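Because the structure is a prediction, the values reported are computed rather than measured. Proteins get letters first, then strands, A, B, ... in listed order; numbering begins at 1 in each. Values reported hereafter were calculated over all heavy atoms of this structure, with side chains retained and with hydrogens, waters and symmetry mates removed.
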Amino acid sequence: NAGVTQTPKFRVLKTGQSMTLLCAQDMNHEYMYWYRQDPGMGLRLIHYSVGEGTTAKGEVPDGYNVSRLKKQNFLLGLESAAPSQTSVYFCASRGSSGRAREQFFGPGTRLTVL
Amino acid sequence: AQSVTQLGSHVSVSEGALVLLRCNYSSSVPPYLFWYVQYPNQGLQLLLKYTSAATLVKGINGFEAEFKKSETSFHLTKPSAHMSDAAEYFCAVSDSRSGSARQLTFGSGTQLTVLP
């Protein structure tokens with residue numbers, strides 16, 4: 001099993017450009033999450049999904065959109081990138097059975113917006 | 001609403017010394033609590049979790065944490081630090097209620113340095 005994978009690993013954008021980050025998991029997990037990590041701020045939740053076809057806003061959703069058309073994939077889109085979106089983005093997934101199932105994290109995507 | 005405070009953004013210990021990383025939480029409902037570790041340029045890996053069973057939780061790599069409701073704390077300890085423990089550590093809290101999406105709220109992280 002590959003676990004949680006993220007594509008791409010690195011990306012540089014110019015202000016105003018758009019891009020999509022892809023997260024894929026092969027563990028048949030119901031829940032998927034997108035976080036951003038900034039120095040001194042830990043990880044903050046952008047959007048999440050509790051199942052195929054559903055999405056919900058997290059703590060810092062502005063400037064981002066998401067889609068979950070397939071259970072195994074969770075896409076994060078930036079329609080018009082801004083320098084404030086320079087960050088490391090992590091995707092995570094979690095199973096739905098049992099208590100407090102841990103979230104499994106991908107390796108991250110480092111995004112720079114110039 | 002939930003929040004996590006990690007006291008000390010940087011902690012340095014000598015190899016073989018006790019590691020103590022502090023975490024205090026705020027939650028209006030009984031929480032689930034987690035400690036994750038992040039090595040340079042990698043994702044997060046679960047060290048241990050508290051799920052309302054035993055209050056003393058043992059994790060991987062010799063780490064353990066104790067849930068203290070009266071102090072709203074979940075401090076991470078390891079009796080003897082190893083060079084390979086150098087990493088950033090995150091404490092996180094989630095809602096324990098049935099039907100919750102169990103999204104995590106993270107602390108700001110503690111960078112652990114182990115000195116030879």
- Nearest non-hydrogen partners of B:Thr51 and B:Tyr32, listed with the distance: CA-CD2, 3.6 Å
- If you take all heavy atoms of A:Leu13 and A:Ala81, which pair is closest and at what distance? CD1-CB, 3.8 Å
- Atom CG in B:Asn41, atom NZ in A:Lys9: separation rounded to 0.5 Å? 12.0 Å
- Query: So do the side chains of A:Gln25 and A:Asn73 get within less than 4.5 Å of each other, counting heavy atoms only?
  - Reply: no
- Message: Tell me if a side-chain donor or acceptor on A:Thr15 pairs with a main-chain N or O of A:Leu114 at a distance below 3.5 Å.
- Response: yes
- Are any non-hydrogen side-chain atoms of A:Met19 and A:Leu111 less than 4.5 angstrom apart? yes
- Query: How long is the span from the CZ atom in B:Phe34 to the OH atom in B:Tyr50, to the nearest 0.5 Å?
  - Reply: 11.5 Å
- Message: Is there a side-chain contact between A:Gln6 and A:Phe90 in this structure, where contact means two heavy atoms from C-beta onward sitting under 4.5 Å apart?
- Response: yes
- Proximal component of A:Gln37, with respect to chain B [non-hydrogen, under 4.5 Å]: side chain
- Identify the residues of residues 2-14 of chain B whose heavy atoms come closer than 4.5 Å to a heavy atom of chain A, ordered by number, or report 'none'. none
- Message: What I'd like to find out is whether the side chain of B:Leu76 reaches to under 4.5 Å of the side chain of B:Val19, using heavy atoms alone.
- Response: no
- Query: Where do A:Tyr35 and A:Gln103 come nearest, in terms of heavy atoms and distance?
  - Reply: OH-OE1, 2.8 Å
- Message: Quick check on the structure: residues of residues 62-70 of chain B within a heavy-atom distance below 4.5 Å of chain A, by number.
- Response: none
- Query: Nearest 0.5 Å, what's the CZ-OG1 distance between B:Phe74 and B:Thr55?
  - Reply: 10.0 Å
- Item | Residues from residues 40-72 of chain A approaching chain B under 4.5 Å (heavy atoms) | A:Gly40, A:Met41, A:Gly42, A:Leu43, A:Leu45, A:Tyr48, A:Val50
- Item | Interface residues of residues 103-116 of chain B facing chain A - non-hydrogen atoms under 4.5 Å apart | B:Gln103, B:Leu104, B:Phe106, B:Gly107, B:Ser108
- Message: Whether the side chain of B:Lys78 engages the backbone of B:Asn61 through a donor-acceptor N/O pair (distance < 3.5 Å, no angle test) should be reported.
- Response: yes
- Query: More than 12 foreign heavy atoms under 6.0 Å from CD of A:Glu79: is that the case here?
  - Reply: no
- Message: Taking side chain as everything from C-beta outward and backbone as N, CA, C, O, which of these in A:Phe104 sits under 4.5 Å from a heavy atom of chain B? Side chain, backbone, both or neither.
- Response: neither
- Which heavy atom in B:Arg22 sits nearest to a heavy atom in B:Trp35, and how many Å separate them? O-CH2, 4.2 Å
- Query: Under 3.5 Å, is there a donor-acceptor pair between the side chain of B:Gln38 and the main chain of B:Glu88?
  - Reply: no
- Task: List the atom of B:Tyr25, the atom of B:Pro31, and the distance in Å for their closest heavy-atom pair.
- Result: CE1-CG, 3.6 Å
- Donor-acceptor pair, A:Thr20 side chain versus A:Gly77 backbone, under 3.5 Å? no
